Undergrad: 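Take a look at the following structure, please.
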Amino acid sequence: MYIVIAPRPAHGTNAPEQWDAITYVPGGQGTERSFTREQLPEFIKLVMSKNRSQIIRWTWDHTKNVYPMLLDAGVSVASCHDLFLVQRILRTAATRAQNKLSYTPQVVLAASEEPAGHLLPSAPAPGQDSLFETPDENNDQSPTARELMDELHAQLQAIASAPAPGRLSLLAAAESQGALIAAEMKHWGMPWNKSVHESMLAQKLGPRPAAYERPYELQKLAAVISQRLGAPNLNPDSPAHLLKAMQNAGMRVGSTRKWELLSWVEQAPHQEERYRREEIVTPILEYKKLYRLFTANGWAWLDAWVHNDRFYPAYEVGTAATGRWGAHGGGAMQIPKDVRHAVQAEDGMRLIVADAAQVEPRILAAMSGDRALAIAARGTDLYAGIAEIGERTGSPLASRSAAKIVMLGAMYGATTGDSGKLLPHFRKLFPQAMQFTEDAAAIGERGGQVITHLGRTSPAPDTAWFETQRDVFTAEAERRAKTLARSQGRFTRNFVVQGTAAEWALCWMGQIRKRLRSEKLFGFPLKTHLVYFLHDEVMLYGPERETKLCERIVKESAETAARMLFGEIPVDFPVSIVVTDNYAKAK
DNA sequence: AACAGTCGCGCG
DNA sequence: AAAGCGCGCGACTGTT
């Protein structure tokens, strides 16, 4: 059962905000009701308690426009249909001719911008969510419940007419469930010990500097670099200045990149020269590291993103072309390893950090049906599994490191280097897996679109791309066209695997959430929540007494997710779990 | 002064 | 150790 809810367009300025709810039963009669915003959470609670046995999909324009308000009012829903997110999936899917999927959006659903203040209120008052206080000047008319109902209808019809409706509707449900999870993660936040973070900053950078000033330790390093390069007043923050100064000092490097500086040191003709090079490169690299900490996760970041010892990750569900999540503001998905010390559990609480091992190669094994790769994927270390097979068959892929390099090369489309050279041996051992990725690449090189297991479609190249392929009048133009074609091929090659891995992860988290909501410990509902997500890793936070049960839930959900996608297949999806009081200890 | 492009680095 | 894929962000830089 679907219940569509939407705010009614306001006419009078002082009238209380009205919301409409329309019940949708396929083939049945829709019933319509109206509420003030204050009544809405109670209505939702009531409907859910009256219909415990059936799934109610709360349907709205976009989860992040509606759900935060409900969470603030203490209501969380089991399931939803996010029209915006599903619309985006269907729109792209309909651009691929082979899908033969007709879909015309009934309404334009614009993702609302974050409110201008963008910081979470330090003490969000129930019913006073800032999302609803920002006037929508740019987008004055949000769709009515009736319009959303039409859109839902169009989406459900499109899904039903798709080549694999079961898979696509699973994707719609998983994506929507992901939106609920993302909103909840932002609502609850993850524990972030501000004083741990601050003392780390003080220890590495010195005391907090005045605005627009360099911290003491950075200033000291800048002086050392300046002196050793013989470049007074050098500003190491500017790659251009730094590069010039390095070249003036006789360093034969083409950029200031870390790996290039390191390889320059490696190439020293003798030990004495090596020491000389290290003497200048070491402070430069140290400066870069600390500079990064200062600008990306320093005091300003703490001020902006951490309140009441909580960090509120701002996720964007499915914003990567492959369906992976992105993060907007706060860098939720780029928390450096060094900074994770600040993620500290409070008394009696535990972090459960779960990492799914080598998801993408396992997805490749499942999608391609490659039996040898499925055998390698048994157990917890797929790369070791490959090396074992390599050893037994006298292949050069007999070491774990070679196996890992060639595996990534096969999925990313490597052509040169160690990885490229080993690919023929990979093909010999895992012909079906290799064929699968090469087929995906070939489609991309022609300008075609590929799909994930559940039916997310890759975007087509733009018209400029096709023009470049068509207008190959010179050798130079032909070379350029080939380069672009190969690049598109690498994209589609990776898309199917990365995109399906993202679907697996959505199902994994969705299953975890479902069980956290429904299971009980000694008769009490669980207090543990999902608080963080990073592509193939999730973090749960809750009372210590619940960790045993939650560990089992996380592990079993990984296998459930695999079965939701692929049915009964002989590919394992093992998860490594660390229960800890500190995120930095998890890896 | 505002904007887009590039660099370099953080994460998977 | 990068390479081969997917991202976001902050700072600098050149252009308008």
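Note that the coordinates shown come from a computational prediction; the quantities given were computed from them, not determined experimentally. Note that these values count all heavy atoms, side chains included, but never hydrogens, waters or copies made by symmetry. Each chain gets a letter, A, B and so on, in the order its sequence line appears, and its residues count up from 1.
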Undergrad: Is the shortest distance from a Lys or Arg side-chain nitrogen in A/R276 or A/E273 to a carboxylate oxygen in the other one below 4.0 Å?
TA: yes
Undergrad: What's the closest nucleotide to the side chain of A/A320 if the choices are C/dG8, C/dC7, B/dG12?
TA: C/dC7
Undergrad: Rounded to whole Å, how long is the line connecting atom CG of A/D536 with atom C1' of C/dG6?
TA: 12 Å
Undergrad: Take atom CD1 of A/I363 and atom C1' of C/dC5, then tell me their distance rounded to the nearest Å.
TA: 15 Å
Undergrad: Between A/A321 and A/W259, which residue's closest nucleotide on DNA chain C lies nearer the 5′ terminus?
TA: A/W259
Undergrad: Which nucleotide sits closest to the side chain of A/I405: C/dA2, B/dG12, B/dG8?
TA: C/dA2
Undergrad: In the strands shown, is C/dG4 matched to any nucleotide by a Watson-Crick or G-U wobble pair with both distances under 3.5 Å, and which?
TA: none
Undergrad: Return the 5'-most residue of the pair A/G330, A/G420 with respect to DNA chain C, ranking by each residue's nearest nucleotide.
TA: A/G420
Undergrad: Would you mind classifying the nucleic acid contact of A/R486 as base, sugar-phosphate or nothing, using non-hydrogen atoms under 4.0 angstrom?
TA: nothing
Undergrad: Please determine whether any donor N or O and acceptor N or O are separated by less than 3.5 Å between the side chain of A/R324 and the base of C/dC7.
TA: no
Undergrad: What is the distance, to the nearest angstrom, from the CD atom on A/Q488 to the C1' atom on C/dG4?
TA: 15 Å
Undergrad: Would you say a side-chain N or O of A/T256 is under 4.0 Å from OP1 or OP2 of B/dC7?
TA: no
Undergrad: Angle class for the A/Y583/A/Y532 ring planes (parallel below 30°, perpendicular above 60°, tilted otherwise)?
TA: perpendicular
Undergrad: Using a heavy-atom cut-off of under 4.0 Å over every strand shown, decide if A/Y291 touches base, sugar-phosphate, or nothing.
TA: sugar-phosphate
Undergrad: Look at the side-chain N and O atoms of A/S263 and state whether any lies under 4.0 Å from the OP1 or OP2 oxygen of C/dA2.
TA: no
Undergrad: So if I take every side-chain heavy atom of A/P239 and compare against B/dG12, B/dC7, C/dG8, which nucleotide ends up nearest?
TA: B/dC7
Undergrad: Taking the side chain of A/H328 as heavy atoms from C-beta outward, which of C/dC9, B/dG12, C/dC12 is closest to it?
TA: C/dC9
Undergrad: Among B/dG12, C/dG6, C/dG10, which is the nearest nucleotide to the side chain of A/T295?
TA: C/dG10
Undergrad: Return no unless some side-chain N or O of A/K258 is found under 4.0 Å from OP1 or OP2 of B/dG8.
TA: no
Undergrad: Any idea which of C/dG4, B/dG8, B/dG10 is nearest the A/K288 side chain?
TA: B/dG8
Undergrad: Within the 4.5 Å heavy-atom criterion, are A/V343 and A/Y541 side-chain neighbours or not?
TA: no
Undergrad: I'd like to check A/M411 versus A/P361 (side-chain heavy atoms, cut-off strictly below 4.5 Å). Are they in contact?
TA: yes
Undergrad: Please work out if A/A327 contacts a base, only the sugar-phosphate, or nothing of the nucleic acid, heavy-atom cut-off 4.0 Å.
TA: sugar-phosphate
Undergrad: I'd like to check A/L205 versus A/W299 (side-chain heavy atoms, cut-off strictly below 4.5 Å). Are they in contact?
TA: yes
Undergrad: Is the A/F311-A/W301 ring centre distance short of 6.0 angstrom?
TA: yes
Undergrad: Does B/dG5 count as syn, meaning its glycosidic angle lies within 90° of 0, or as anti?
TA: anti
Undergrad: With a non-hydrogen cut-off below 4.0 angstrom, is A/A410 in contact with a base, only sugar-phosphate, or nothing?
TA: nothing
Undergrad: Please confirm whether the shortest side-chain N or O distance from A/R257 to OP1 or OP2 of B/dG8 is below 4.0 Å.
TA: yes
Undergrad: Have a look at A/R490 and say if it touches a base, only the backbone sugar-phosphate, or nothing, with a 4.0 Å heavy-atom cut-off.
TA: sugar-phosphate
Undergrad: NA contact type, A/S419, heavy-atom cut-off 4.0 Å: base, sugar-phosphate, or nothing?
TA: base
Undergrad: In whole angstroms, how far is the C1' atom of C/dA11 from the OH atom of A/Y287?
TA: 11 Å
